[in-house]
There are 2 protein chains.
Amino acid sequence: MTSETDAHTVRTTSIGWMIQRIARRLDRAMETRLAQHDLSVSQFAVMMTVLETEGLTQAEIGQQFSMPAYAISRALDHLEKAGYVARRPHPTSRRAHTIHATPSGVALGPQLFKIVQEVNAALVGGLSEADKNTFRDILTRLV
Amino acid sequence: MTSETDAHTVRTTSIGWMIQRIARRLDRAMETRLAQHDLSVSQFAVMMTVLETEGLTQAEIGQQFSMPAYAISRALDHLEKAGYVARRPHPTSRRAHTIHATPSGVALGPQLFKIVQEVNAALVGGLSEADKNTFRDILTRLV
DNA sequence: TTACAATTATTGCATTTGCAATTATTTTTC
DNA sequence: GAAAAATAATTGCAAATGCAATAATTGTAA
């Protein structure tokens, strides 16, 4: 690059910069909606994983979205206290737990899915179906 | 939507979910590289704005990326201590400051731009030029 | 012009987060 | 099979973050 490399150019053309801005907006939208269920975004992420796959260990949950073990521990403390999940002894290893959604956690599922759909719709509502698909395709390759 | 609405579907098709994942990865990449200049990502964001426009007030900086006033205050405390920026009295209002990059702050600029370019390249390096442009276009409409 | 409301910036305090250390258990190596 | 290394999960403590309160100044309305 030439002398075009100034702060303005970097900011307005940087894909990373734009993604960060969008991500922060999404975060705030999720926070606001999750507050009514007394959940933070990371607690929500853990809950979604538990709903998706029954009986994972905490380490396995962490690998799903590279979240450190201590954060899983604390998210589960909260989710367990709220009655959404339960830690059960692992069938073969005494140091691990398997994590399970309680009935109340399972009931929470659809409400969380709805929140995700609303927030997504608010974000990409202005795009055509074709653009939405293109966008999703590219994102899928980057994730 | 029908009964397809389960956690797996939500996770794998949600644009928001994918953006969040990518954003976290970008954040970590930026943190790592910014550490050598003793900067956090939000301090970096403030610094970029100062480099882009000389003499903004703190409130104006905050509006650029909807960052709360107290966060600007603290980011500037750090940037000022590090010698990258200076608060000067506002010409017409005694309660406001204007913010200016010091020579050392101006010298930092190109190094920050380089970091942004590297992190971007690492993210979208695998995409064709056409896809990159498409992606940038869509992002621009969403930001 | 005086009182009231709004703006700009900062700071105290509580909560959240991240790192490193710890405990308990399991696996590997010799 | 005993010692050492690795894994699973938790927790103490320091740093970062967010909220609410404050101080100082400026704008507005009576």
Side-chain angles (χ1 to χ4, degrees), chain A residues 20 23-25 27-32 34-35 37-47 49-50 53 55-82 85-100, chain B residues 20 23-25 27-32 34-35 37-47 49-50 53 55-82 85-100:
Chain A
Q20 294 292 16
R24 307 247 152 125
R25 214 169 67 228
D27 247 332
R28 280 194 294 270
M30 289 299 293
E31 272 165 22
T32 306
L34 289 172
H37 300 290
D38 189 30
L39 289 182
S40 72
V41 175
S42 55
Q43 288 155 5
F44 153 82
V46 171
M47 189 68 214
T49 307
V50 172
T53 313
L56 291 177
T57 66
Q58 303 186 198
E60 286 164 346
I61 293 173
Q63 284 155 15
Q64 293 287 323
F65 34 89
S66 44
M67 194 168 169
Y70 74 83
I72 305 288
S73 238
R74 284 177 177 148
L76 287 175
D77 287 349
H78 183 94
L79 292 171
E80 203 170 27
K81 211 166 291 171
V85 307
R87 287 168 162 107
R88 296 196 204 145
H90 190 281
T92 65
S93 169
R94 267 193 309 167
R95 73 190 156 181
H97 302 136
T98 59
I99 309 301
H100 305 265
Chain B
Q20 294 291 18
R24 307 247 153 122
R25 214 168 66 228
D27 247 331
R28 280 194 294 270
M30 289 300 293
E31 273 165 23
T32 305
L34 289 171
H37 300 290
D38 190 29
L39 289 182
S40 72
V41 175
S42 55
Q43 289 155 5
F44 152 83
V46 171
M47 189 69 214
T49 306
V50 172
T53 313
L56 291 178
T57 65
Q58 303 186 197
E60 286 165 346
I61 293 173
Q63 284 155 16
Q64 294 285 323
F65 35 88
S66 44
M67 195 168 166
Y70 74 83
I72 305 289
S73 240
R74 285 177 177 149
L76 287 174
D77 287 349
H78 183 93
L79 292 171
E80 203 171 26
K81 211 166 291 171
V85 307
R87 286 167 162 108
R88 295 195 205 147
H90 190 280
T92 65
S93 169
R94 268 193 306 167
R95 71 190 157 182
H97 303 137
T98 60
I99 309 301
H100 305 264

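Letters A, B, ... are given to chains in the order of the sequence lines, protein chains preceding strands, and every chain is numbered from 1.
- The salt bridge (charged side-chain N to carboxylate O under 4.0 Å, His left out) check on B/Glu80 picks up B/Arg87, with sequence neighbours excluded.
- By the salt bridge (charged side-chain N to carboxylate O under 4.0 Å, His left out) test, B/Asp38 pairs with no residue at all, sequence neighbours left out.
- Put simply, CE on B/Met67 is 12 Å from C1' on D/dG18, counting in whole angstrom units.
- Using a 4.5 Å heavy-atom cutoff, the side chains of B/Leu79 and B/Val46 are in contact.
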Exercise for the section: Quick one: do B/Gln58 and B/His97 satisfy side chain to side chain contact (heavy atoms under 4.5 Å, CB included)? Show the steps, please. Expected result: CA-CA 7 Å; B/Gln58 303 186 197; B/His97 303 137; 3.3 Å; yes
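- Rounded to a whole Å, the CZ atom of A/Arg88 is 20 Å from the P atom of D/dA8.
- Here the closest non-hydrogen pair linking B/Met67 and B/Ala71 is CE-CB, 3.8 Å.
- Following rounding to the nearest Å, A/Lys81 (NZ) and D/dT10 (P) show an atom-to-atom distance of 12 Å.
- A donor-acceptor distance shorter than 3.5 angstrom exists from the side chain of A/His90 to the backbone of A/Thr92, with no hydrogens or angles considered.
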Problem - Base-contact (B) and sugar-phosphate-only (S) positions in nucleotides 8-18 of chain C, heavy-atom cut-off under 4.0 Å, - elsewhere - result: SSBBBB----B
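- Put simply, NE2 on A/His90 is 10 Å from P on C/dT27, counting in whole angstrom units.
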